Amino acid sequence: MSNRLLRVNELMKREISAYLRKRYTSESVAVTITGVDVTGDLREAKVYYAVAGDEAEAERKGKWLRGKLREIREMVAKSVVMRHVPLLTFVHDNAAPRALRIEQLLSEIDRKEKQP
């Protein structure tokens, strides 16, 4: 991946996160934008989000984000100078709960090994 794409990904992630935090303080408190992957032609972007809560909460927040899609895309068009504003797709990133579970399992193994 080129440096340009990395910078665009990080810029879009930062702008979308800041916008959600500022505009929708109470609704976005449980949502974290974990990453953005823009295609090489800058026409499409996947916005990955994580949610504090269970799968039902993740589905509700995903539906909420998809409802705000047009507004978020318009904000990106105004704040990020690009020839083409990418079409956004929100994707639930469930890597955080898996990482937490792996960390718990490793801690249990470590505790068992230390016991005499």
Side-chain angles (χ1 to χ4, degrees):
M1 186 178 293
S2 70
N3 284 337
R4 179 179 182 221
L5 277 180
L6 290 172
R7 288 193 320 261
V8 169
N9 289 341
E10 188 60 33
L11 177 61
M12 287 187 60
K13 174 186 164 192
R14 191 173 55 232
E15 290 296 323
I16 292 170
S17 294
Y19 178 74
L20 290 175
R21 251 190 343 267
K22 186 164 55 168
R23 177 85 166 90
Y24 299 104
T25 306
S26 61
E27 294 93 343
S28 69
V29 73
V31 177
T32 302
I33 303 299
T34 58
V36 176
D37 282 336
V38 179
T39 58
D41 62 358
L42 303 176
R43 298 281 182 165
E44 297 177 9
K46 289 183 181 178
V47 180
Y48 295 94
Y49 67 95
V51 176
D54 58 358
E55 283 299 315
E57 182 67 17
E59 185 60 36
R60 278 195 298 278
K61 291 299 182 180
K63 192 179 283 188
W64 177 77
L65 284 169
R66 286 187 291 278
K68 303 297 179 195
L69 187 63
R70 173 180 241 149
E71 182 181 336
I72 293 169
R73 188 165 184 252
E74 287 174 0
M75 178 280 307
V76 169
K78 290 177 185 173
S79 61
V80 179
V81 179
M82 297 173 70
R83 182 174 297 178
H84 302 285
V85 179
L87 296 173
L88 303 177
T89 305
F90 287 99
V91 179
H92 181 241
D93 182 8
N94 58 1
R98 284 188 308 207
L100 181 62
R101 178 70 180 138
I102 291 170
E103 185 66 34
Q104 290 171 343
L105 291 172
L106 291 173
S107 296
E108 285 178 30
I109 291 170
D110 191 37
R111 252 186 279 124
K112 287 180 183 179
E113 288 179 354
K114 288 182 179 179
Q115 290 178 352

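Below, each value reflects all heavy atoms present in this structure, side chains not excepted, and no hydrogens, waters or symmetry copies. Worth saying up front: this structure is predicted, and the values here are computed from it rather than measured.
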Minimum side-chain heavy-atom gap [X]-[Y] below 4.5 Å:
{"X": "M75", "Y": "K78", "answer": "no"}
{"X": "H84", "Y": "L42", "answer": "no"}
{"X": "F90", "Y": "I72", "answer": "yes"}
{"X": "T89", "Y": "E44", "answer": "no"}
{"X": "L87", "Y": "R73", "answer": "yes"}
{"X": "L6", "Y": "N3", "answer": "yes"}

Roughly how far apart are [X] [atom1] and [Y] [atom2], rounded to 0.5 Å?
{"X": "E74", "Y": "S79", "atom1": "CD", "atom2": "OG", "answer": "11.5 Å"}
{"X": "E71", "Y": "Y24", "atom1": "CD", "atom2": "OH", "answer": "3.0 Å"}
{"X": "I16", "Y": "I33", "atom1": "CD1", "atom2": "CD1", "answer": "6.0 Å"}
{"X": "L88", "Y": "R70", "atom1": "CG", "atom2": "CZ", "answer": "12.5 Å"}

- Is there a donor-acceptor pair closer than 3.5 Å between any side-chain N or O of D37 and the backbone N or O of N9?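 No: the side chain of D37 does not pair with the backbone of N9.
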
- Task: Give a yes or no answer on whether the side chain of K61 reaches the backbone of E27 with a donor-acceptor pair at less than 3.5 Å.
- Result: yes

Specify the closest pair of heavy atoms between [X] and [Y], including all atoms of both residues, with the distance to one decimal.
{"X": "S28", "Y": "L20", "result": "OG-O, 3.0 Å"}
{"X": "T34", "Y": "A50", "result": "CG2-CB, 3.7 Å"}
{"X": "V38", "Y": "M12", "result": "CG2-SD, 3.9 Å"}
{"X": "H92", "Y": "A58", "result": "NE2-CB, 3.5 Å"}

Given the rule that I, L, V, M, F, W and Y join up when any side-chain heavy atoms are under 4.5 Å apart, are [X] and [Y] in one cluster?
{"X": "W64", "Y": "V47", "value": "yes"}
{"X": "V91", "Y": "L5", "value": "no"}
{"X": "V29", "Y": "V31", "value": "no"}

- R66 atom CZ, neighbour heavy-atom count above 12 within 6.0 Å: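 Buried by this count: over 12 neighbours within 6.0 Å.
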
- Task: May I ask you to check whether over 12 heavy atoms, not counting those of K46, lie within 6.0 Å of atom NZ?
- Result: no

- SB check E57 R60 (cutoff 4.0 Å): yes

